[in-house]
Structures are given as structure tokens and as C-alpha cells.
Number of protein chains: 2
Amino acid sequence: MNKMNKKMEYALMALKHISGKSDQDLTSAKEISEQMHIPFEVMAKVLQALASRGLLKAEYGASGGYVLARPLSEVSVHGLSEMLEGHVALTKCLGNDEPCEISGTCNITSPISNLNKKVQEFYKSVSLSEVLHV
Amino acid sequence: MNKMNKKMEYALMALKHISGKSDQDLTSAKEISEQMHIPFEVMAKVLQALASRGLLKAEYGASGGYVLARPLSEVSVHGLSEMLEGHVALTKCLGNDEPCEISGTCNITSPISNLNKKVQEFYKSVSLSEVLHV
DNA sequence: CAAAATACGATTAAATAAAACGTATATAAC
DNA sequence: GTTATATACGTTTTATTTAATCGTATTTTG
């Protein structure tokens with residue numbers, strides 16, 4: 001129940017790291033992965049995901065790297081997890097892609113849906129700048 | 001990030017089922033597992049866990065079963081997940097049993113701890129009666 | 001052109017969760 | 001008392017999910 005995954009941890013570490021630098025100072029995936037002792041390939045993918053969703057801006061080529069594209073105060077924890085994982089929900093059946101095998105006899109369809117909504121609202125209410133103290 | 005596990009789902013289903021009956025009407029693990037199409041052994045363990053933590057009262061023998069021991073308004077979602085999983089936290093490093101391999105270079109120790117506290121407070125604020133509409 | 005960076009699909013490995021198995025114990029019905 | 005049915009609980013196996021690795025392409029600086 002309710003555990004954070006590595007992608008999320010790595011993303012928070014990277015954002016904390018990047019937000020401590022000036023806008024002209026690019027940060028490479030290698031730089032973060034080495035300083036934080038995180039596998040390079042995994043860190044790179046996390047940064048790519050954040051860049052493709054518009055939170056970071058990527059510069060190609062040698063001496064390239066990433067820089068913040070939006071202020072962290074504008075992005076919530078929920079927003080970040082959506083950038084990394086797409087649709088986020090308490091259970092698979094809420095994603096409506098898979099109808100769930102026991103949906104015919106399930107007696108908590110509505111309760112789960114309501115709780116899910118509450119949880120999402122909570123995570124939407126917490127900004128990244130608040131979490132990271134930046 | 002933030003997914004509910006099966007134990008939790010099964011527990012909510014069982015509590016919803018049990019709470020719809022009178023205090024004299026015992027509910028067996030078999031009854032719930034068959035009606036909800038949940039593996040009997042798994043359902044049985046969930047009920048045992050809830051009984052050992054005082055949320056349910058167990059009656060032995062033929063015609064035995066479970067009955068609510070405490071009102072659901074007194075127990076939170078956080079409380080329920082603790083009954084099923086013990087210590088609950090966003091990350092393993094917060095459980096302080098395992099010190100985490102990158103703790104020396106981790107730059108989000110305090111942010112994670114603060115976020116974890118907020119999340120726990122949120123889940124403590126939601127009662128089971130509220131979730132289950134009982 | 002060579003070096004160093006992002007981009008991204010595919011595969012493999014590790015960790016976790018879920019389910020199944022086996023046995024013991026308690027109690028009601030007969 | 002014997003049988004049937006229930007809880008109790010530790011162990012093992014299987015399935016699923018997550019994390020990490022591999023391989024290759026593209027871009028840009030020097």
C-alpha cells in the first residue's frame with residue numbers, strides 16, 4: 001500500500017539537484033547519476049520523460065544537458081507521477097482499460113473510486129517546491 | 001506510485017460485507033471468498049490479521065466466523081493498512097531498519113520524510129466508515 | 001571526424017506480491 | 001466420541017511488477 005517507486009525518488013533527487021543551479025547551468029544525466037550513485041540509464045530515462053512532458057528542457061550534443069522549463073511551484077506531486085507513469089490510480093480497475101475479473105460481485109466499486117479521488121486531490125494539493133523546499 | 005494492494009482491497013470488501021449484517025450474524029472466510037470470488041486462503045489470512053489486531057472478533061468451530069469488534073468510524077485507512085502490513089511508509093529508508101545504500105549522497109532525505117508525514121496524516125484523516133459509506 | 005550528450009526500444013534480472021499448500025487447533029452437530 | 005467445519009499460521013511456490021541493463025540512433029560541440 002502506498003509506496004513510492006524508484007523513478008519518483010530519482011526524479012525528486014534530480015529536480016532538487018537541478019533547482020539548485022542557475023538557468024544557464026546545464027545538468028547532464030551523467031552528472032546526477034554519478035553524484036547520487038544512481039544507475040545512469042535509469043536516471044537518463046527519468047530525465048527524458050520529464051523533458052518530453054515539458055518539465056525540463058533538453059539540450060543536445062556535447063556539453064548538453066537539462067534545465068528547468070517550468071517553476072516547481074506549478075507542478076504537484078500528482079503531476080510529477082503522471083509524467084513518469086501516465087495514468088495513476090489506486091487500482092487497475094479504475095484505469096477502465098481492464099474491467100477487472102470480479103467486477104460483477106465487487107461490493108466496493110464506488111468506495112474505491114471515491115477514495116481514489118480523495119487521494120488524487122491530496123497529491124494535487126502538494127507542490128514540488130513545497131516538497132523540495134525550493 | 002501509490003497503488004493499493006490486494007490485501008487492502010480484500011479487507012475493504014470483507015468489512016463492507018460484514019458491516020451489512022447484524023452483530024449476531026457471523027461471517028466465515030468461506031462465505032466471503034465464495035461470494036466475492038477471492039481465493040479462500042488469502043481471504044482467511046486477511047481476516048485472521050484483522051482479528052489479531054482487534055478489529056474483528058473470531059469464533060471458532062463449525063458455525064464459527066467473524067464479527068466486527070470495533071466500529072468502523074474509529075479506524076482510519078492508515079490504521080487498516082498498518083493492521084495488514086505493519087509499518088507503512090513511502091520508502092524503505094523511512095522504516096529506519098535498513099539505512100539505504102545511497103544515504104550518504106541522498107539530497108531528499110528531509111523532503112521524503114516530510115512528505116511521508118503528510119501522506120500518513122491524510123490517510124489517518126479518512127475513516128473506514130467514510131470510505132465504505134457505513 | 002571524434003567525443004559526449006540526449007532519445008528510445010527491447011531485453012534481462014531482481015524484488016515484491018499473490019496464491020497455494022500443509023498442518024494444527026477449536027467447537028458445534030450428530 | 002466422531003465427524004464436519006471453522007479459525008490459525010508457517011512455509012513454499014508462482015505470478016506480477018519493478019528496476020536495471022543492453023543496444024543503437026541522433027544531435028552537437030570542438
Side-chain angles (χ1 to χ4, degrees), chain A residues 1-11 13-14 18 25-34 36-53 55-67 69 81 84-86 88-92 95 98 100-102, chain B residues 1-11 13-14 18 25-34 36-67 69 81 84-86 88-89 91-92 95 98 100-102:
Chain A
M1 178 78 185
N2 177 255
K3 271 181 278 185
M4 176 174 283
N5 59 29
K6 293 288 185 187
K7 279 187 183 177
M8 194 74 180
E9 284 183 41
Y10 295 164
M13 287 182 188
I18 292 171
D25 200 351
L26 295 182
T27 308
S28 70
K30 191 182 175 193
E31 175 183 330
I32 303 179
S33 72
E34 286 180 348
M36 304 282 154
H37 299 98
I38 294 168
F40 167 76
E41 293 87 351
V42 182
M43 187 76 254
K45 283 199 175 174
V46 167
L47 295 172
Q48 285 159 25
L50 299 184
S52 76
R53 302 301 297 268
L55 181 54
L56 298 177
K57 186 174 171 299
E59 297 276 350
Y60 273 47
S63 80
Y66 299 90
V67 70
S81 76
L84 296 170
E85 303 168 58
V88 179
L90 277 181
T91 62
K92 277 195 290 186
E98 299 173 49
C100 173
E101 296 178 358
I102 62 170
Chain B
M1 178 79 185
N2 175 255
K3 270 180 281 186
M4 176 174 283
N5 58 29
K6 293 288 185 187
K7 279 187 184 177
M8 195 73 179
E9 284 184 41
Y10 296 163
M13 288 182 187
I18 293 171
D25 200 352
L26 295 181
T27 306
S28 70
K30 192 183 176 193
E31 175 183 330
I32 303 179
S33 71
E34 286 179 350
M36 305 279 153
H37 300 97
I38 293 167
F40 167 76
E41 292 88 351
V42 181
M43 186 76 253
K45 281 202 174 170
V46 167
L47 295 172
Q48 285 159 26
L50 299 185
S52 77
R53 302 300 296 267
L55 181 55
L56 298 177
K57 186 173 169 301
E59 296 278 350
Y60 273 48
S63 80
Y66 297 90
V67 69
S81 76
L84 296 170
E85 304 169 56
V88 179
T91 61
K92 279 195 290 188
E98 299 172 50
C100 173
E101 296 180 357
I102 62 169

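All chains are named by letter (A, B, ...) in the order of the sequence lines, taking the proteins before the strands, and each is independently numbered beginning at 1.
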Original post:
Given D:dT18, C:dA19, C:dT6, which nucleotide is nearest the side-chain atoms of B:K6?
Top reply: C:dA19
Original post:
Expressed in angstrom and rounded to an integer, what is the separation of A:M43 atom CE from C:dA5 atom P?
Top reply: 15 Å
Subject >> Rounded interatomic separation in angstrom, taking CE from A:M36 and P from D:dA19 >> reply: 18 Å
**OP:** Give B:K3 one of three labels, base, sugar-phosphate or nothing, depending on what nucleic acid heavy atoms sit under 4.0 Å from its own.
**Re:** sugar-phosphate
Original post:
Which atom names give the shortest non-hydrogen contact between B:I102 and A:H37, and what distance separates them?
Top reply: CG2-O, 3.6 Å
**OP:** Please state how far atom CG in B:L84 lies from atom P in C:dA18, giving the value in whole angstrom units.
**Re:** 11 Å
Subject >> Separation of atom CD1 in A:I102 from atom C1' in C:dA19, rounded to whole Å >> reply: 14 Å
Subject >> Shortest non-hydrogen contact from B:G54 toward B:A69 >> reply: O-CB, 3.4 Å
Subject >> Shortest non-hydrogen contact between B:L84 and B:A49, atoms and distance >> reply: CD2-CB, 4.3 Å
Original post:
Quick one: is C:dT16 close enough that its OP1 or OP2 comes under 4.0 Å of any side-chain N or O from B:K92?
Top reply: yes
Subject >> Earlier contact from the 5' end, DNA chain D, for A:S63 and A:K7 >> reply: A:K7
Original post:
Rounded to the Å, how far apart are B:I38 CD1 and C:dA17 P?
Top reply: 19 Å
Subject >> Among D:dA20, D:dT7, C:dT6, the nucleotide that comes nearest once only the side chain of B:F40 is considered >> reply: D:dT7
**OP:** With heavy atoms under 4.0 Å as the rule, sort B:K30 into base, sugar-phosphate or nothing.
**Re:** sugar-phosphate
**OP:** Please determine which of B:L26, B:L50, B:T27 meets the side chain to side chain contact (heavy atoms under 4.5 Å, CB included) test together with B:I18.
**Re:** B:T27
Original post:
Choosing from D:dA6, C:dA19, C:dC21, which nucleotide comes nearest the side chain of B:S28?
Top reply: D:dA6
**OP:** Select base, sugar-phosphate, or nothing to describe what A:A44 touches, counting heavy atoms under 4.0 Å on all strands.
**Re:** nothing
**OP:** Please tell me if the side chains of A:M4 and A:E9 come closer than 4.5 Å, counting only heavy atoms from C-beta onward.
**Re:** yes
Original post:
How long is the line joining CG of B:L26 and P of C:dA29, in whole Å?
Top reply: 12 Å
Subject >> Closest contact, heavy atoms only, B:A14 versus B:M43 >> reply: CB-CE, 3.4 Å
Subject >> Of the listed nucleotides C:dC21, D:dA19, D:dA4, the one nearest the side chain of B:E41 >> reply: C:dC21
**OP:** Tell me which nucleotide among D:dA8, D:dT28, C:dT6 gets nearest to the side chain of A:A62.
**Re:** D:dT28
Original post:
Taking for each residue the nucleotide of DNA chain C with the nearest heavy atom, is it B:Y60 or A:L47 whose nucleotide lies nearer the 5' end?
Top reply: A:L47
**OP:** Grab the CD1-P distance between A:I32 and C:dA5 for me, whole Å please.
**Re:** 12 Å
Subject >> Residue B:Q48, side-chain atoms from C-beta onward, closest of C:dA20, D:dT21, D:dA8 >> reply: D:dA8
**OP:** Give a yes/no on whether any side-chain N or O of B:Y10 is located under 4.0 angstrom from OP1 or OP2 of C:dA17.
**Re:** no
Original post:
Please give, in whole Å, the distance from C:dA19 P to B:K45 NZ?
Top reply: 12 Å
Subject >> Given DNA chain D, 5'-ward residue of the pair B:M1 and B:S52, judged by closest heavy atom >> reply: B:S52
